[in-house]
There are 2 protein chains.
Amino acid sequence: MPFTYEYERPSLTVDCVVFGLDETDLKVILIERGVPPFQGKWALPGGFVKPSEPLEEAARRELQEETGIEQAFLEQLFTFGDKDRDPRGWTVTVAYYALVKLSDHRIQATTDASDAKWFPVAAIPALAFDHEKIFRVALERLRGKVRYQPIGFELLPEKFTLTQLQKLYETILRQDLDKRNFRKKILSMGLLLDTNETQQDVAHRAARLYRFDRHRYEELRQKGFNFEV
Amino acid sequence: MPFTYEYERPSLTVDCVVFGLDETDLKVILIERGVPPFQGKWALPGGFVKPSEPLEEAARRELQEETGIEQAFLEQLFTFGDKDRDPRGWTVTVAYYALVKLSDHRIQATTDASDAKWFPVAAIPALAFDHEKIFRVALERLRGKVRYQPIGFELLPEKFTLTQLQKLYETILRQDLDKRNFRKKILSMGLLLDTNETQQDVAHRAARLYRFDRHRYEELRQKGFNFEV
DNA sequence: TCAAAAGTGTTAACCATACACCCATGC
DNA sequence: GCATGGGTGTATGGTTAACACTTTTGA
């Protein structure tokens, strides 16, 4: 037992709320715990921060180790330190939320890490620790932020149709949007690059594929432009 | 040395960026450090979290102990855990930002805690640890949030004039606003209660005093209303 | 030829902006 | 009576919201 301190210190963990989007649902990835406490229960991916490890790096590492996810938009969410959140004692967790392109990660997450599974946000099981609370805070943050920051694109493939984008907002915000007005607004921002490609293998008229222009967004943002859906 | 652990653990601290507003400036309170490290340097008020102490409670306690401030709007800002932020070793800090009514606190902070002083945000001295970074993040957060959440009122006395409110936004956002348009917009939200009182002892026509109607704001917010200046 | 989704314009209501003068008060 | 800030209205342009049909494609 080599680590001795004059004052009591907390354990430090990171936890990640990873969102993905498929054709019908907004989903979150959960891990079935193999060890106590809460053995057999579902939990957010996460774990202990290594000594002097940057927090975001720890979050990325745990994500990789537990779900196989390597590329993700990741942002700090909130730090939870309440007394009884971990039965093992004083444990503080820095929570992150992540947005991934489900099209890329769907397979990995259910094969490499066989105990990881995607759940629709409307059907989350009982979770270990205070992870339900963390999940709720993350969902609230996502719903609030997606409106006025262009983070929704992180949930779509590189190339996407306007209908996919519209459905994304409809799913996350739980409200229908008018197709014509949505297209007008989005296109008028000048943030989408037309790839001049179209969908393949669809049983109807193929839609144009667009790409989000990050570089242009940065330019506009610096000039005071505010993204808003 | 009674606390021994199998794995290395970080020290845990809280730090507070406390904003106040006077006639001319947005200000932040700083503490002159009396002990190493960074003895003699200015720093954000803050200190070690006690075992199992809720994080927000720790922030409020440190604020009280170091500045005498007891009533403040307090919100978690960000958690900083980079390797070299504290020369004593691995130290993670949960940063908060606070908004106080300077009219109430101006005296306390410069008497009770004689080493606490208010600095205009445009003239912050070199700070201890990574506190400059924390301060910048806090200022950015305040500027972003004040536009679309009614937190500005936390910086004003209970009863305030429309001109005071307008000046608040002009100071924080660093841009001038049109008086007539500002009044129209603010009053049309229906969030201000006319106290039917007026300023006293002013050498010109006395302005009406208003009060922010928190209750009404909650009602409207639940119906989907979005505050925006 | 049918089904399924893509794509497209106009109008009316509302909201944001720009802008200048009179009013009340204390000194 | 003058200096200081308080308080007020209108017109214009731009933005948002409501709304329905035609086009393309593959099966």
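So you know, we letter chains A, B, ... as the sequences are listed, proteins then strands, and number each from 1. Note that the coordinates shown come from a computational prediction; the quantities given were computed from them, not determined experimentally. Just so you know, these numbers use all the heavy atoms, side chains as well, and skip hydrogens, waters and symmetry mates.
- The only option from A:Phe160, A:Phe227, A:Phe153 that meets the ring-ring contact (aromatic ring centres under 6.0 Å, His included) definition with A:Phe212 turns out to be A:Phe153.
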Checklist entry - Does the salt bridge (Lys or Arg N to Asp or Glu O under 4.0 Å) test come out yes or no for A:Glu57 and A:Arg60, once each step is laid out? => result CA-CA 5 Å; A:Glu57 199 171 304; A:Arg60 285 192 193 281; over 6 Å; no
Name every donor-acceptor pair, under 3.5 Å, that has one atom in a side chain of residues 182-190 of chain B and the other anywhere in the protein, sequence neighbours excluded.
| residue | atom | partner | partner atom | Å |
| --- | --- | --- | --- | --- |
| B:Arg183 | NH2 | B:Thr163 | OG1 | 3.2 |
| B:Lys184 | NZ | B:Asn181 | OD1 | 3.1 |
| B:Ser188 | OG | B:Lys184 | O | 3.1 |
| B:Ser188 | OG | B:Lys185 | O | 2.8 |

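- Rounded to whole Å, atom C1' of C:dG9 lies 14 Å from atom CG of A:Leu187.
- Checked by atom type, the side-chain pair A:Glu75/A:Tyr96 shows no donor-acceptor distance below 3.5 Å.
- By the neighbour-count criterion of 12 heavy atoms within 6.0 Å, atom CD of A:Glu140 is sparsely surrounded, having that number or fewer from other residues, nucleotides or ligands.
- Of the residues listed (A:Gln175, A:Lys179, A:Arg180), the one engaging A:Leu177 in a side-chain contact (heavy atoms from CB on, under 4.5 Å) is A:Gln175, and it is the only one.
- Using a 4.0 Å cutoff on non-hydrogen atoms, the parts of residues 165-186 of chain B near DNA chain C are B:Asp178, B:Arg180, B:Asn181, B:Lys184, ordered by number.
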Ignoring hydrogens and angles, write down the donor-acceptor pairs under 3.5 Å from the side chains of residues 119-139 of chain A, residues two or more places apart or on other chains.
| residue | atom | partner | partner atom | Å |
| --- | --- | --- | --- | --- |
| A:Asp130 | OD1 | A:Arg85 | NE | 3.2 |
| A:Asp130 | OD1 | A:Arg85 | NH2 | 3.0 |
| A:Asp130 | OD2 | A:Arg85 | NE | 2.8 |
| A:His131 | ND1 | A:Leu44 | N | 3.0 |
| A:Glu132 | OE2 | A:Leu127 | N | 2.7 |

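- Among the heavy atoms of the strands, none lies under 4.0 Å from A:Thr161.
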Checklist entry - How does protein contact run along nucleotides 22-27 of chain C, one letter per nucleotide 5' to 3', with B for base contact, S for sugar-phosphate only, - for none, heavy atoms under 4.0 Å? => result -BBBS-
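- The local environment of NZ in A:Lys167 is sparse, with at most 12 non-hydrogen atoms from other residues, nucleotides or ligands closer than 6.0 Å.
- Not a single ring-ring contact (aromatic ring centres under 6.0 Å, His included) links A:Phe19 to another residue, sequence neighbours left out.
- Heavy-atom contacts of chain B under 4.0 Å fall on DNA chain D between two terminal nucleotides, which in 5' to 3' order are D:dT4 to D:dT10.
- Summarising the geometry of A:Ile31 relative to A:Ala116, their closest heavy-atom pair is CD1-CB, 3.7 Å, with the distance given to 0.1 Å.
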